[in-house]
Amino acid sequence: MALKVVFLRHGATDKEGVYPGWEDIGLSKDGEAAAVKAGECLKEQGCKFDVVFTSVLKRSTTTAWLACMNSDNNSMPIINSWRLNERHCGAFQGVSTEDAKALAWKSGFNQKPPLMESSDARHPNKDAKYRLMPEAAVPSGESFKETSDRVWPFFCDQIGPSIKARRQVLVVGHEDSLRALCQFLENTSEKETMEMEIKPGVPLVYELDENMKFLKKSYMAGGRPQAAKQSGRKITMLFGPPGSGKGTQAPNVVDALETPQLSTGDMLRAAVAAGSEVGLKAKAVMEAGGLVSDELVLGIIKDRIQQSDCSKGFILDGFPRTLQQAQELDKLLALNKEEVTCVVAFEVPSEALEERICGRWMHKDSGRSYHVKFNPPKAMKLLEDGKPDPATMLDDETGGPLYQRGDDTAEALRKRLDNYVAETVPILQHYGGRGIVKKVNANQDMKLVWSETRRAIADMGLKEPPRKVTVLFGAPGSGKGTQAPRIVDTLKTPQLSTGDMLRAAVASGSEIGMKAKSVMESGGLVSDELVIDIIKARITESDCTNGFILDGFPRTLQQAKALDEMLSTAAEAVSQIFAFEVPPEALEERICGRWMHKASGRSFHVKFAPPKSMKLLPDGKPDPATMLDDETGEALYQRADDTAEALKKRLDGYFAETVPILQHYESGGIVHRIDANREIDAIWSSVAKLL
């Protein structure tokens with residue numbers, strides 16, 4: 001039976017929108033409600049705890065008490081430790097979560113904040129709670145790594161042994177202290193750890209094997225953040241300042257959730273055009289030069305969300321704009337026992353927004369858009385101050401002058417951003433206590449922004465995108481092995497070789513692995529059927545969620561057809577094939593020029609990396625007696641399959657097997673033939689364009 005531990009992160013505080021660090025602030029009403037709801041969820045799941053661990057900060061201890069009281073857990077010990085406190089913010093304590101420098105620190109693994117002066121009245125050394133702490137352990141500011149390092153001893157001494165002893169354990173804490181515990185249990189990388197999100201106010205259950213190895217994790221059903229999901233409709237809000245890229249990501253969200261994007265402007269125009277009662281009222285107001293009231297806008301939304309395309313839910317973009325609108329929207333949804341499911345906030349530092357917005361230039365007649373940095377017109381020339389010469393800002397097609405919109409200046413943008421922050425922060429705080437606000441770092445490559453956005457909405461029953469199934473082909477010496485790691489890094493999907501998968505299956509002792517082991521020990525060849533079963537099992541693992549790269553399989557047309565059949569059972573298919581092609585004479589030069597040092601494994605090449613001692617015979621070939629290792633002076637050797645004769649047989653076998661496979665997939669337009677008889681970077685450039 002699996003070992004279990006439950007983690008619970010506190011909800012909204014009475015100081016949202018700033019980094020609190022070790023400041024001992026309390027919960028807001030929403031935060032208290034989230035803790036009560038978490039307790040009710042724990043009670044519903046029948047959780048009875050033997051011990052509870054939490055920090056010494058009020059927002060965490062209050063969450064622990066409320067959750068325990070509302071789950072009938074009244075008699076177990078509650079153990080407080082400063083080691084479970086939130087990451088210390090240093091001089092960033094009290095700074096806005098929108099601050100670019102603070103945001104960079106918060107998202108970094110090793111970055112330290114500016115330290116808080118020890119004389120500062122807010123310093124922990126001035127707080128009686130920490131009077132027994134070793135002086136050297138009292139922080140003035142922490143990186144995530146330092147937070148993780150101080151949580152680790154408490155995990156080893158208290159939490160871990162309690163779990164291993166099969167005690168029912170609840171740990172109530174903060175984002176980073178809990179993230180550190182998750183890192184220990186899952187053994188995640190630095191990047192994976194910092195991307196990990198822990199929902200506030202929703203119990204998170206970890207299951208471990210007898211050796212404390214991670215098996216799986218899941219959020220408990222029944223908590224408030226899942227209420228809207230249970231009601232059937234997915235109700236999403238999108239927030240982002242001008243230039244945040246929200247408009248670029250919105251169509252992706254629409255496609256993933258299969259729900260329409262609703263903007264107040266579009267709904268107003270549609271209601272007026274339809275001549276509905278609400279639409280006619282709105283029309284009368286606008287024709288009189290007035291502003292459409294919140295009441296009228298909500299009436300239009302109420303009508304719109306009853307249409308058939310909103311049966312699965314809807315995405316609100318541009319509404320609510322004020323806290324009052326948000327509160328009135330909540331009342332409207334409550335009439336149908338619904339509530340907002342997810343709020344996605346796209347965040348970009350103000351200086352990056354200025355670069356994006358203030359660099360835009362437009363062509364009036366066509367609407368074509370240019371950007372000084374990202375998409376400059378061909379005619380653009382810079383002045384001495386590095387700014388574009390307005391006289392050279394001309395449309396590429398017509399040569400007509402470009403212009404900048406009046407609200408694309410730094411001064412205008414500053415006002416727009418100030419208004420956005422003033423309006424939006426209270427709305428995000430309003431929904432923050434429910435654990436449904438997901439902040440997305442939109443100051444990165446668009447693909448990475450979408451990846452982060454997709455994770456933010458992942459709990460909402462997404463339409464699964466097809467996995468990217470990539471296959472690599474290349475004759476020996478083609479350089480396929482050099483390009484493969486770059487492809488892995490770009491696609492963020494694992495490279496799977498049949499040899500590695502076979503060994504892993506055997507080592508795991510799985511049923512399929514034992515069958516393969518039996519065949520190999522008897523001297524037989526593992527059948528295609530067994531190999532397919534091993535691949536089928538491997539690609540269900542979590543690292544293959546977005547896809548995988550097959551290298552060394554299929555080797556025959558029959559294997560390709562078996563692979564197609566296996567993928568089709570999950571409505572999947574091979575997405576793309578890269579065939580690295582090099583003329584046979586170039587392959588012979590690459591392969592047959594290789595010499596090896598047996599003891600060290602060092603590799604030399606007659607043409608590309610000759611040993612210092614090499615001398616040539618009259619026929620231009622190397623004198624074997626002079627092929628000596630540079631470091632030891634010991635003799636080098638050539639592998640038996642690195643001769644011209646052996647290579648010819650290998651190439652004949654490769655082409656005989658591979659050509660039919662490429663022909664099999666060619667009609668689907670997914671085979672990319674890469675000229676691999678070039679410089680490594682030139683080859684990669686061709687591959688990268690196709691990924």
(message) Is it the case that atom CD in E295 sees more than 12 heavy atoms from other parts of the structure closer than 6.0 Å?
(response) no
(request) Could you tell me whether K364 atom NZ has more than 12 heavy atoms of other residues or ligands within 6.0 Å of it? (result) no
Do [X] and [Y] have side chains that approach each other closer than 4.5 Å (heavy atoms only, starting at C-beta)?
{"X": "M194", "Y": "R179", "result": "yes"}
{"X": "E423", "Y": "F239", "result": "no"}
{"X": "Q444", "Y": "E452", "result": "yes"}
{"X": "V449", "Y": "V440", "result": "yes"}
{"X": "Y19", "Y": "L103", "result": "yes"}
{"X": "F314", "Y": "T236", "result": "no"}
{"X": "K101", "Y": "F92", "result": "yes"}
{"X": "D309", "Y": "R304", "result": "yes"}

Can you see which heavy atom on [X] is nearest to which on [Y], and at what distance?
{"X": "N443", "Y": "A352", "answer": "OD1-CB, 3.7 Å"}
{"X": "Y370", "Y": "E397", "answer": "OH-N, 4.5 Å"}
{"X": "T62", "Y": "L27", "answer": "CG2-CD1, 3.9 Å"}
{"X": "L394", "Y": "P401", "answer": "CD2-CA, 4.0 Å"}
{"X": "A67", "Y": "L8", "answer": "CB-CD2, 3.8 Å"}
{"X": "A412", "Y": "G406", "answer": "CB-O, 3.8 Å"}

(request) List the steps and the verdict of side chain to side chain contact (heavy atoms under 4.5 Å, CB included) for F374 and E355. (result) CA-CA 10 Å; F374 306 116; E355 180 181 62; 3.8 Å; yes
Point-to-point distance, once rounded to the nearest 0.5 Å, from [atom1] of [X] to [atom2] of [Y]:
{"X": "M237", "Y": "T424", "atom1": "CE", "atom2": "OG1", "value": "11.5 Å"}
{"X": "R416", "Y": "D418", "atom1": "CZ", "atom2": "CG", "value": "12.0 Å"}
{"X": "M196", "Y": "S189", "atom1": "CE", "atom2": "OG", "value": "8.5 Å"}
{"X": "H174", "Y": "I198", "atom1": "NE2", "atom2": "CD1", "value": "12.0 Å"}
{"X": "L691", "Y": "T490", "atom1": "CG", "atom2": "OG1", "value": "5.5 Å"}
{"X": "N336", "Y": "I235", "atom1": "CG", "atom2": "CD1", "value": "8.0 Å"}

Short side-chain to backbone donor-acceptor contact, [X] and [Y], under 3.5 Å:
{"X": "K234", "Y": "L257", "value": "yes"}
{"X": "T54", "Y": "V172", "value": "yes"}
{"X": "R122", "Y": "G94", "value": "no"}
{"X": "T392", "Y": "K381", "value": "yes"}
{"X": "D24", "Y": "K58", "value": "yes"}
{"X": "R467", "Y": "C544", "value": "yes"}
{"X": "D395", "Y": "G400", "value": "no"}
{"X": "S60", "Y": "L57", "value": "no"}
{"X": "H371", "Y": "R356", "value": "yes"}
{"X": "E197", "Y": "E195", "value": "no"}

(message) Among L332, L333, D330, exactly one meets side-chain contact (heavy atoms from CB on, under 4.5 Å) together with E338. Which residue is that?
(response) L333
(request) Scan L329, T264, L238, V340 and name whichever one has a side-chain contact (heavy atoms from CB on, under 4.5 Å) with L316. (result) L329
(request) Evaluate the criterion side chain to side chain contact (heavy atoms under 4.5 Å, CB included) for residue pair V6 and M220; output intermediate values, then yes/no. (result) CA-CA 9 Å; V6 179; M220 280 188 183; 4.3 Å; yes
(request) Write out all pairs satisfying salt bridge (Lys or Arg N to Asp or Glu O under 4.0 Å) with one or both partners inside residues 238-248, taking only residues at least two apart or from two chains. (result) K246-D317
Check this for me, if you would: do [X] and [Y] make a salt bridge, where the nitrogen-to-carboxylate-oxygen distance has to be below 4.0 angstrom?
{"X": "K37", "Y": "D30", "answer": "no"}
{"X": "K217", "Y": "E186", "answer": "yes"}
{"X": "K43", "Y": "E40", "answer": "no"}
{"X": "K106", "Y": "D176", "answer": "yes"}

(request) Check the pair E411 / R414 against salt bridge (Lys or Arg N to Asp or Glu O under 4.0 Å), numbers first and verdict last. (result) CA-CA 5 Å; E411 186 178 351; R414 207 167 297 116; over 6 Å; no
(message) Before you tell me yes or no, could you show the steps for M286 and V272 under side chain to side chain contact (heavy atoms under 4.5 Å, CB included), namely the whole-Å CA-CA distance, both residues' side-chain angles and the distance that decides it to 0.1 Å?
(response) CA-CA 10 Å; M286 290 188 289; V272 170; 3.7 Å; yes
(request) Could you go through the side chain to side chain contact (heavy atoms under 4.5 Å, CB included) check for M380 and L402 one step at a time? (result) CA-CA 11 Å; M380 185 182 86; L402 305 178; over 6 Å; no
(request) Could you tell me whether the side chains of T470 and Q576 share a donor-acceptor contact shorter than 3.5 Å? (result) yes
(message) Please tell me whether T188 and T193 have a donor and an acceptor in their side chains that are separated by less than 3.5 angstrom.
(response) yes
(request) Would you please name every residue forming a ring-ring contact (aromatic ring centres under 6.0 Å, His included) with W22, sequence neighbours left out? (result) H88, Y130
(request) Applying side-chain hydrogen bond (donor to acceptor under 3.5 Å, both in side chains), run through Q249 and N252 and close with a yes or a no. (result) CA-CA 5 Å; Q249 298 301 330; N252 296 332; 3.2 Å; yes
